[in-house]
Amino acid sequence: MDNFFNNAKLLDIVIKWKYHLLSVVIAAILLSVLFSSAIFITPLFKSYAIVYPSNISPYSTENETEQMVQMFQSRDIRDSVIHKFNLPKHWGVDSTYEYYTSTMVWYWEQRVRIGKTPNEAVEIEVLDPDPQVACDMTSAIITYYNMKVRGLHKEKFGEVVVNYNFIMDMKQKYMDSLSKEAVALGTKYGILEFEGQTREVMRAYFQNKGSSEVQKYKHNLEEHGGEMMKLGEMMRSESEALATLKLDADRALMDYNRKYTHANVLSKPFPADKKSFPVRWLIVLGSTLAALFLALIVVGIIENRKKNPLNAAQQG
């Protein structure tokens, strides 16, 4: 066999067996055309979209594009699309089949491909026997992605809003308690505003030469004025802190209620007018070359046996 391929004039052999080899080539072409037709292989149409991430923040060392790919590959999005388009029926998978789930996952992985482009965008490719379904599935994946990210954001900002409301409630209760203490001091001792009342009491004290009423107010300010001044400072401080918290809480509430999209669609999906799978010319070419190669091997064996009849007889 080695002598055949190394020393024999291959061209002469091909010419000698040309009709046989031609028959093999024609048969390979016809059979590959037949078996690559829609009778045996379901043609698939491709729809695709190119999107960029928007209004998202990465959770760890990943960038926005990597996070977007992870979101697109989530089980929630896959199951939502499968349910929306009733893909088990559309793809011919029996829901009572023992390996139904793994079969659907296999079909999904074969027909839905999501990955990064060199320019840090994300490309979504969907293959389906129906070009319109492939286009609609691509759009649905983007829609469910926006819903997924929006849901995660609402969950996160919802926790922030609850925390802010809790802290503000505690602050408000504390301010109310300070206010009650201030009202009690004012009611019991007549102290309303320490600095202003101190000036007026001292003026009255020197003008009226220390009347009993002025002496009373002066004594109350001396005994409880510091407490009132401390309460006033604490109330001002808590009021400023509460105002700052209120601004932050309003921002968190705005983030919680926002309805942003999280994908900028650079190339929108559209129904294909030409199938993408199978590539028939490639199948025909590969099958024909393989058949021709095998035919040459068979011819080589036959020619080798003819040249070495003794060896052939011994092997027989």
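All residue numbers in this chain count up from 1 along the given sequence. The structure displayed is predicted, hence computed values, not measured ones.
- If you take CD1 on Ile56 and CG on Asn146, they are separated by 10.0 Å, rounding to the nearest 0.5 Å.
- At least one side-chain heavy atom of Leu127 sits less than 4.5 Å from a side-chain heavy atom of Ser276.
- Contact of the His153 side chain with the Asp255 side chain is not registered, since no non-hydrogen atoms from C-beta on lie closer than 4.5 Å.
- Checking side-chain atoms of Ser74 against main-chain N and O of Gln70 turns up no donor-acceptor pair under 3.5 Å.
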Only distances under 3.5 Å count here; give the side-chain donor-acceptor pairs of residues 81-90 to other protein atoms, sequence neighbours excluded, each with its distance to 0.1 Å.
| from | atom 1 | to | atom 2 | distance (Å) |
| --- | --- | --- | --- | --- |
| His90 | NE2 | Asp128 | OD1 | 3.2 |
| His90 | NE2 | Asp128 | OD2 | 2.6 |

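- Atom OG1 of Thr117 sits about 9.0 Å away from atom CG of Leu266, to the nearest 0.5 Å.
- For Asn264, the side-chain hydrogen bond (donor to acceptor under 3.5 Å, both in side chains) test picks out no residue, with sequence neighbours left out.
- For the residue pair Asn163 and Glu159, no side-chain donor N or O sits within less than 3.5 Å of a side-chain acceptor on the partner.
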Let me see the working for Val122 and Ile50 under side-chain contact (heavy atoms from CB on, under 4.5 Å), right down to the final yes or no. CA-CA 6 Å; Val122 176; Ile50 297 176; over 6 Å; no

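- The distance from atom CD1 of Ile141 to atom CE of Met71, rounded to the nearest 0.5 Å, is 15.5 Å.
- With sequence neighbours left out, Tyr107 forms a ring pair (Phe, Tyr, Trp, His ring centres under 6.0 Å) with Trp91.
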side-chain contact (heavy atoms from CB on, under 4.5 Å) between Gln110 and Trp106, worked out: CA-CA 6 Å; Gln110 295 299 311; Trp106 183 85; 3.6 Å; yes

Could you go through Gln132 and Asp136, starting from their C-alpha distance and side-chain angles, then the distance that decides it, and tell me whether this counts as side-chain hydrogen bond (donor to acceptor under 3.5 Å, both in side chains)? CA-CA 6 Å; Gln132 186 60 54; Asp136 293 342; 3.0 Å; yes

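- Other residues, nucleotides and ligands contribute only 12 or fewer heavy atoms inside 6.0 Å of the OH atom of Tyr48.
- Hydrophobic cluster membership is shared by Val93 and Tyr99, with clusters built from Ile, Leu, Val, Met, Phe, Trp and Tyr side chains linked at under 4.5 angstrom.
- With values rounded to the nearest 0.5 angstrom, Arg236 atom CZ is found 12.0 Å from Leu178 atom CG.
- Here the CD atom belonging to Glu64 is positioned 11.0 Å from the CG atom belonging to Asn55, to the nearest 0.5 angstrom.
- A distance of 12.5 Å separates OH of Tyr145 from CD of Gln73, quoted to the nearest 0.5 Å.
- Each side-chain hydrogen bond (donor to acceptor under 3.5 Å, both in side chains) pair with one or both residues in residues 18-28, not counting sequence neighbours, would appear here, but there are none.
- Criterion: ILVMFWY side-chain heavy atoms under 4.5 Å apart, direct or through other members. Under it, Tyr260 and Phe157 are not part of a common hydrophobic cluster.
- No donor-acceptor pair under 3.5 Å is formed between the side chain of Arg113 and the backbone N or O of Val126.
- Hydrophobic clustering (side-chain heavy atoms under 4.5 Å, transitive across Ile, Leu, Val, Met, Phe, Trp, Tyr) keeps Leu22 apart from Leu31.
- Between the Ser32 side chain and the Ile29 main chain, a donor and an acceptor come within less than 3.5 Å of each other.
- Within the 4.5 Å cutoff, no side-chain heavy atoms of Val112 are placed close to those of Arg78.
- Counting heavy-atom neighbours within 6.0 Å of Asp273 CG, excluding the residue itself, gives a total of 12 or less.
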Assess the residue pair Lys274 and Phe45 against the criterion (side-chain contact (heavy atoms from CB on, under 4.5 Å)); give the C-alpha distance rounded to whole Å, side-chain angles, the decisive distance to 0.1 Å, and a yes or no. CA-CA 7 Å; Lys274 183 180 179 181; Phe45 296 83; 5.7 Å; no

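- With hydrogens and angles ignored, the 3.5 Å screen pairs no side-chain donor or acceptor of Ser47 with any backbone N or O of Pro269.
- No donor-acceptor pair under 3.5 Å is formed between the side chain of Ser287 and the backbone N or O of Val284.
- Side-chain heavy atoms closer than 4.5 Å link hydrophobic residues (I, L, V, M, F, W, Y) into clusters, and following such links, even through other members, never connects Ile26 to Val24.
- Residues satisfying the salt bridge (Lys or Arg N to Asp or Glu O under 4.0 Å) test with Lys275, not counting sequence neighbours, are none.
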With side-chain contact (heavy atoms from CB on, under 4.5 Å) as the test, would you mind laying out the steps for Ile114 and Glu123 before giving the verdict? CA-CA 6 Å; Ile114 299 169; Glu123 184 174 24; over 6 Å; no

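- Other residues, nucleotides and ligands contribute at most 12 non-hydrogen atoms within 6.0 Å of the NZ atom of Lys268.
- Lys246 and Asp250 are joined by a salt bridge, as a carboxylate oxygen and a charged side-chain nitrogen come within less than 4.0 angstrom of each other.
- The backbone N or O of Thr96 lies less than 3.5 Å from a partner atom in the side chain of Asp94, making a donor-acceptor pair.
- At least one donor-acceptor pair closer than 3.5 Å links the side chain of Thr65 to the backbone N or O of Glu120.
- Residues Tyr144 and Lys148 have side chains not in contact (no heavy-atom distance under 4.5 Å, counting atoms from C-beta outward).
- More than 12 heavy atoms of other residues, nucleotides or ligands sit less than 6.0 Å from atom OH of Tyr52.
- Under the 4.5 Å side-chain heavy-atom criterion for grouping Ile, Leu, Val, Met, Phe, Trp and Tyr, Val69 is connected to Phe72 within one hydrophobic cluster.
- Residue pairs meeting the salt bridge (Lys or Arg N to Asp or Glu O under 4.0 Å) criterion with at least one member in residues 161-178, sequence neighbours excluded: Asp169-Lys173, Lys171-Glu238.
- The neighbour count for Met254 CE, taken as heavy atoms of other residues, nucleotides or ligands under 6.0 Å away, is above 12.
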